[in-house]
Amino acid sequence: APAAASAVPAELREKYAAAEQEHVFKYVDSGLVGGEQAAHLISQASSLDLGRIKTIYTAAMEAEKNLSSGDLEPLDKADSVADSSAETLGDWSKAGMEAISRGEVAALVLSGGQGTRLGFAGPKGMYNIGLPSGHTLFQMFAQRIGSLSRLAGAAIPFYIMTSPMNHEATVAYFADNAYFGLPKEDVLFFPQGTLPPLTEDTGKIMLESGGNIGEASDGNGGIYSSLKLSGNLGDMEKRGIKYVHTFSVDNAICKVCDPTFMGYCISQGSDCGNKVVWKSEPGEKVGVFGKKGGKYCVIEYSEMAEADTKLTTEDGKLAYGAGNICNHFFSTDFLRRVTAQDDVLTYHVARKKIPTPDEAGNPVKPDGNNGIKLECFIFDAFVVSEQMAVLEGERASEFSPVKNPPGEAKDSPDSARLMLGAQAIEWIRAAGGTVIEGSNMCEVSTALSYNGEGLEA
């Protein structure tokens with residue numbers, strides 16, 4: 001046998017043979033892969049939990065077969081910012097600010113993705129959406145935390161979930177920018193987990209090249225196990241954090257740790273909360289918050305029958321209209337309960353074009369889907385909630401996703417910039433300022449004001 005083949009520890013080889021995954025060592029055994037490459041592959045293979053991979057694969061394939069929308073129900077209870085009195089909103093905001101002032105609130109951004117769809121080679125959080133300041137998504141969020149922290153007179157720890165693909169670049173970016181004014185010890189990074197891509201019919205682990213097992217993020221539902229394994233859930237508890245605001249990195253206008261939303265959930269005695277915006281039209285490609293089998297869940301738009309998407313209530317509102325914008329409230333007790341259970345999360349099957357090695361072991365990208373990636377979603381854990389709270393926010397000040405490349409009218413840097421500009425103009429006028437008619441590119445720095453306050457001077 002070639003030298004590299006003998007480098008595969010016998011115990012590891014036996015483990016892979018027993019799991020019918022021994023093909024992973026094919027290129028090492030043939031002598032095409034040796035030295036550092038072989039060592040890398042062996043290290044990867046040693047770190048994989050083959051039993052867990054098999055369990056997840058089997059459960060995901062079974063769940064997909066049994067996917068049924070027959071037991072879906074629309075949301076039965078939600079409060080709305082637009083329909084609430086100024087007094088009620090004030091009470092919620094006061095409760096939220098008091099919790100922040102007591103040091104009980106943390107922020108957590110889901111930022112494992114790259115900016116590929118935006119034509120940007122780097123972590124999505126480092127993307128500049130074209131504001132006059134040139135501030136990136138990460139900078140805006142960090143500065144909002146700084147502004148809110150000043151208002152509350154207390155630190156707000158900022159937890160950043162990366163992925164193995166962008167972890168180092170993200171950590172370096174914050175260090176290079178002095179954490180955008182936040183104390184270094186209050187900015188904490190941890191990567192989400194990964195799973196290898198698999199063949200759909202047999203669940204075989206797919207090699208990307210002769211010396212590399214493919215890796216894919218396990219979905220934003222990886223937050224729970226990653227929080228626990230990285231020690232950050234323990235860190236939250238040590239700091240006395242009781243409530244965590246969790247949000248997606250691509251929502252440029254997101255009110256990080258929004259006192260109104262946090263206070264609303266706290267006053268409801270909730271362990272889990274979801275901020276939603278109502279869908280603009282039945283075909284909008286956004287998951288819907290509702291119920292399945294009597295339990296709260298997010299229904300993917302692809303899982304819904306077209307007729308259901310068009311159903312309306314007596315007042316003409318879309319019945320399945322509570323658009324999920326990945327804007328969540330969690331109590332640390334809830335996070336602890338989820339991480340204590342192994343079978344809470346359902347993994348979903350995503351069919352993808354996955355590079356595979358040619359005869360020489362070089363990666364080749366296929367023309368069509370040739371394998372699956374398994375992902376779980378953060379909202380899959382909502383079934384564990386004992387007291388769910390749902391608040392409908394106003395789209396213009398809550399949801400400006402940056403998903404599509406520049407030039408696209410919807411969900412792009414351009415649409416997000418317009419929303420932030422409109423918000424800035426509203427704030428300036430409310431503070432007694434004048435804005436020339438026809439202006440649309442205006443910015444109030446997130447370092448200056450959290451939600452339009454303090455601009456009178």
Side-chain angles (χ1 to χ4, degrees), residues 52 55-56 59-60 62-64 66-67 71-73 75 77-78 106-113 159-161 163 190-195 217-234 236-237 241-249 261-262 265-266 268-276 286-300 303 322-350 373-391:
R52 177 173 175 261
T55 302
I56 289 171
E62 199 56 38
E64 193 180 50
N66 298 328
L67 199 61
D71 56 355
L72 297 183
E73 304 164 56
L75 197 58
K77 179 185 178 297
L108 197 168
V109 64
L110 306 172
S111 53
Y159 296 85
I160 298 164
M161 185 172 89
S163 65
F190 64 101
Q192 71 190 92
T194 61
L195 285 167
S217 295
D218 56 6
N220 59 20
I223 173 185
Y224 302 109
S225 57
S226 302
L227 251 185
K228 184 180 177 180
L229 292 170
S230 65
N232 281 296
L233 183 52
M236 287 174 178
E237 290 169 335
I241 300 297
K242 291 184 180 177
Y243 315 108
V244 182
H245 180 227
T246 302
F247 59 99
S248 172
V249 75
F261 177 49
M262 302 305 282
C265 294
I266 292 165
Q268 300 270 315
S270 304
D271 56 0
C272 183
N274 204 20
K275 191 189 276 188
V276 299
V286 61
V288 175
F289 196 60
K291 286 186 163 184
K292 197 181 233 181
K295 296 268 193 185
Y296 286 108
C297 70
V298 171
I299 309 153
E300 285 296 313
E303 292 176 16
N324 178 55
I325 58 171
C326 194
N327 194 316
H328 311 307
F329 165 98
F330 297 125
S331 71
T332 43
D333 288 346
F334 173 83
L335 293 171
R336 183 60 73 191
R337 277 207 317 279
V338 174
T339 56
Q341 301 175 50
D342 285 336
D343 55 353
V344 170
L345 301 177
T346 306
Y347 282 79
H348 305 262
V349 176
K373 292 181 179 179
L374 298 173
E375 306 171 318
C376 56
F377 301 129
I378 191 168
F379 49 71
D380 288 333
F382 288 176
V383 293
V384 176
S385 173
E386 290 164 5
Q387 183 66 40
M388 175 67 73
V390 185
L391 184 66

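In terms of heavy atoms, Gly294 sits closest to Glu73 at N-OE2, 3.4 Å. Across Ile299 and Gly290, no two heavy atoms sit closer than the pair CD1-CA, 4.2 Å. When all heavy atoms are compared, the tightest approach of Ser163 to Gly112 is OG-O, 2.8 Å. Nearest heavy-atom pair, Met236 versus Val244, reported as atom, atom and distance to 0.1 Å: SD-CG2, 3.8 Å.
When the salt bridge (charged side-chain N to carboxylate O under 4.0 Å, His left out) test is applied to Lys275, the partners found at least two apart in sequence or on another chain are Asp258, Glu398. By the salt bridge (charged side-chain N to carboxylate O under 4.0 Å, His left out) test, Arg52 is found to be paired with no residue, residues two or more places apart in sequence or in another chain being considered.
Note that CD of Glu300 and CG of Asn324 are 8.0 Å apart. Values are rounded to the nearest 0.5 Å. With values rounded to the nearest 0.5 angstrom, Cys272 atom SG is found 12.5 Å from Asp333 atom CG. Atom NE2 in His348 sits 7.5 Å away from atom SG in Cys376 (nearest 0.5 Å). Interatomic distance, Asp380 CG to Glu375 CD, rounded to the nearest 0.5 Å: 10.5 Å. Atom CZ in Phe329 sits 10.5 Å away from atom CZ in Phe334 (nearest 0.5 Å). Note: Asn274 CG to Thr246 OG1 = 11.0 Å, rounded to the nearest 0.5 Å.
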Quick one, Arg336 with Glu237, criterion side-chain contact (heavy atoms from CB on, under 4.5 Å). Give me CA distance, side-chain angles, the key distance, then yes/no. CA-CA 10 Å; Arg336 183 60 73 191; Glu237 290 169 335; 2.5 Å; yes

Begin from the C-alpha positions of Asp218 and Thr194 and carry the test side-chain contact (heavy atoms from CB on, under 4.5 Å) through to its verdict. CA-CA 5 Å; Asp218 56 6; Thr194 61; over 6 Å; no

Report the C-alpha distance between Tyr296 and Leu75 in whole Å, list the side-chain angles of each, state the deciding distance to 0.1 Å, and finish with yes or no for side-chain contact (heavy atoms from CB on, under 4.5 Å). CA-CA 8 Å; Tyr296 286 108; Leu75 197 58; 3.8 Å; yes

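The distance between the ring centers of Tyr159 and Phe190 does not fall below 6.0 angstrom.
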Considering only distance and modelled atom types, tabulate donor-acceptor pairs under 3.5 Å from the side chains of residues 381-388, sequence neighbours left out.
unit_1	atom_1	unit_2	atom_2	d
Ser385	OG	Asp271	OD1	2.7
Ser385	OG	Gln387	N	3.3
Ser385	OG	Met388	N	3.4

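The main-chain N or O of Met161 is found under 3.5 Å from a side-chain atom of Ser111 such that the two form a donor-acceptor pair.
You'll find the side chain of Leu108 reaches within 4.5 Å of the side chain of Leu227, heavy atoms only. Side chains of Val249 and Leu110 form no contact here, defined as non-hydrogen atoms less than 4.5 Å apart. Under the 4.5 Å side-chain criterion, counting only non-hydrogen atoms from C-beta, Gln341 is not in contact with Tyr224.
Just one of Val298, Val338, Leu345, Asn220 meets the side-chain contact (heavy atoms from CB on, under 4.5 Å) condition when paired with Ile378; it is Asn220.
The aromatic rings of Phe330 and His328 lie tilted to each other, with the angle between the two planes from 30° to 60°. Taking the six-membered ring where the residue is Trp, Phe247 and His245 present parallel rings, their angle staying beneath 30° rather than reaching 60°.
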